[in-house]
Amino acid sequence: MIYLDNNATTKPYPEVVEVMTKFMTSRFWNASSAYGQIDGLEEVVETAKAAIRMLIGAAPDDEVVFTSGATESNTWAVAEGARRAMGRGWVLSSQIEHPSISEPLESLQKQGMEVRLVPVTRNGTIDLDKLAGIIDSDLCFASLMFAHNETGVLQPLQEAASLLRERCPQCLIHTDATQAIGKVPVSFKGELCDVDLISFSGHKFHGPKGIGGLIIREGTQIQPLIRGGGQQNNLRSGTLNIPAIVGISVAANKSWEFLQMNLSESICAVRDRFEEQMSSIFPNVNILGSQTQRLPNTSYFGIPEADADDLVYLLATEGIVLSTGSSCSAKSIEPAKTALLMKYSYEEASTLLRFSASYENTADEVDLLVNKLRQVFN
Ligand code: PMP
């Protein structure tokens with residue numbers, strides 16, 4: 001099988017599976033229990049938090065809270081934003097956020113909250129001029145994604161956050177960095193210094209599913225979303241998922257090493273080879289966001305007059321796995337909403353497929369895929 005749907009999920013590193021198995025079989029204790037403490041599980045959790053901080057370029061005093069994944073982290077961030085805005089002001093986001101941001105915001109809007117959404121340009125980046133035009137001092141919360149799950153476009157987050165911070169010093173700023181973490185260097189101390197909260201998910205960087213987290217900048221006060229036994233300093237109750245925590249810890253370390261060694265360049269070379277070959281065989285191919293900075297592994301492309309759903313199915317029967325965009329909306333019969341927002345036509349949007357590579361994909365696999373597409377269209 002040629003797996004090219006790594007923005008949907010990635011294969012866990014073998015070391016992740018190995019360490020998780022060990023913790024599920026012989027160190028399965030409850031971390032809050034006496035024997036869990038004797039066995040050093042609290043240190044295991046601290047080590048995992050340190051690995052996440054390193055990957056995200058966070059400082060030792062920034063809080064890492066483990067959640068069930070980015071959906072929960074995003075829901076939590078929006079809930080905190082709503083709490084702050086209630087009766088005092090409004091909240092801001094963009095038109096292209098993942099449903100785990102846009103759906104809770106829509107629900108808040110129905111309850112009477114003012115939500116303003118920044119539009120997107122033809123390139124798939126949020127429109128900074130429009131952003132500048134809609135900010136005012138009543139803004140209480142902003143959530144803007146780091147990298148888009150379908151186009152892979154890296155958003156001008158640093159510029160956006162610095163503008164927000166300048167105009168609204170008290171505003172809480174959140175980013176959903178789920179697709180960026182592990183694929184490109186991220187620095188909470190550096191370019192994200194104006195951001196207060198970051199969401200992430202382990203399975204997007206070769207860690208386990210069902211675990212992710214929220215990074216909370218030191219000094220940021222936030223109310224828990226999930227209350228109960230008071231685990232994680234009362235910020236997120238629930239028995240700690242130690243196997244997943246050790247798994248995400250190993251994945252974070254390996255992803256950090258990978259980025260340190262600039263190995264994402266080889267993934268980029270695989271993606272670029274694909275796009276070069278596609279452009280020469282199909283001169284009218286649309287490649288969304290190719291004029292701007294993107295994740296090195298992602299290509300969101302459309303062959304004119306192809307039907308994306310048919311093509312995905314046909315390739316799957318040949319053992320080549322791609323998707324028609326975000327897997328969260330794969331069952332929807334609507335064509336890609338993001339492409340329509342980028343002013344592609346309904347017909348063009350219906351042709352779009354997402355190629356998303358990992359370190360395991362090779363040039364030979366790209367050649368096989370391109371040849372298959374050539375045969376189909378001949
Ligand atoms: N945000 C983005 C940008 C995503 O791509 C995803 C996963 N598709 C999520 C949030 C949600 O992650 P999870 O399903 O792991 O909760």
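Just so you know, these numbers come straight off a predicted model, no measurement behind them. Excluded from the calculations below are hydrogen atoms, water molecules and symmetry mates; all remaining heavy atoms, backbone and side chain alike, are included. For ligands, and for the atoms within them, numbers begin at 1 and follow the listed sequence. Residue indices begin at 1 and follow the sequence shown.
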- [ ] Report yes if some heavy atom in the side chain of His206 is under 4.5 Å from a heavy atom in the side chain of Lys254; otherwise report no.
- [x] no
Open item on the list: Test of understanding: given a 4.0 Å heavy-atom threshold, classify the contact between Thr71 and ligand 1 as side chain, backbone, both, or neither.
Closed with: both
Open item on the list: On a heavy-atom basis, which atom in Asn7 and which in Asn149 lie closest, and how many Å separate them?
Closed with: ND2-O, 3.3 Å
Task: Carboxylate-amine/guanidinium proximity below 4.0 Å for Arg165 and Asp196 - done: yes
Task: Side chain, backbone, both or neither: His203 near ligand 1, heavy atoms under 4.0 Å - done: side chain
Open item on the list: Could you check whether any heavy atom of Gly212 sits closer than 4.0 Å to an atom of ligand 1, since that is the contact criterion I want to use?
Closed with: no
Open item on the list: So that I know where these two stand, are Phe146 and Phe200 an aromatic pair - ring centroids less than 6.0 Å apart?
Closed with: no
TODO: Give the numbers and elements of all ligand 1 atoms closer than 4.0 Å to a heavy atom of Ser100.
DONE: 10 (C)
Task: Mode of Ser201 contact toward ligand 1 - side chain, backbone, both, neither (heavy atoms, under 4.0 Å) - done: side chain
Task: Part of Lys204 with heavy atoms under 4.0 Å of ligand 1, whether side chain, backbone, both or neither - done: side chain
TODO: Kindly confirm or rule out an N or O of Asp176 lying under 3.5 angstrom from an N or O of ligand 1.
DONE: yes
Task: Any pair counted as ring-ring contact (aromatic ring centres under 6.0 Å, His included), so long as it reaches residues 220-250, sequence neighbours left out - done: none
- [ ] Apply ring pair (Phe, Tyr, Trp, His ring centres under 6.0 Å) to the pair Phe274 and Phe301, showing each step before the final yes or no.
- [x] CA-CA 10 Å; Phe274 171 71; Phe301 69 99; 5.0 Å; yes
TODO: Output the list of atoms in ligand 1 that are nearer than 4.0 Å to some heavy atom of Gln179, sorted by atom number.
DONE: 3 (C), 4 (C), 5 (O)
Task: Which of the ligand 1 atoms, numbered from 1, are nearer than 4.0 Å to a heavy atom of Asn149 - done: 3 (C), 5 (O)
Task: Other ILVMFWY residues reachable from Tyr3 by side-chain steps of under 4.5 Å - done: Met1, Val321
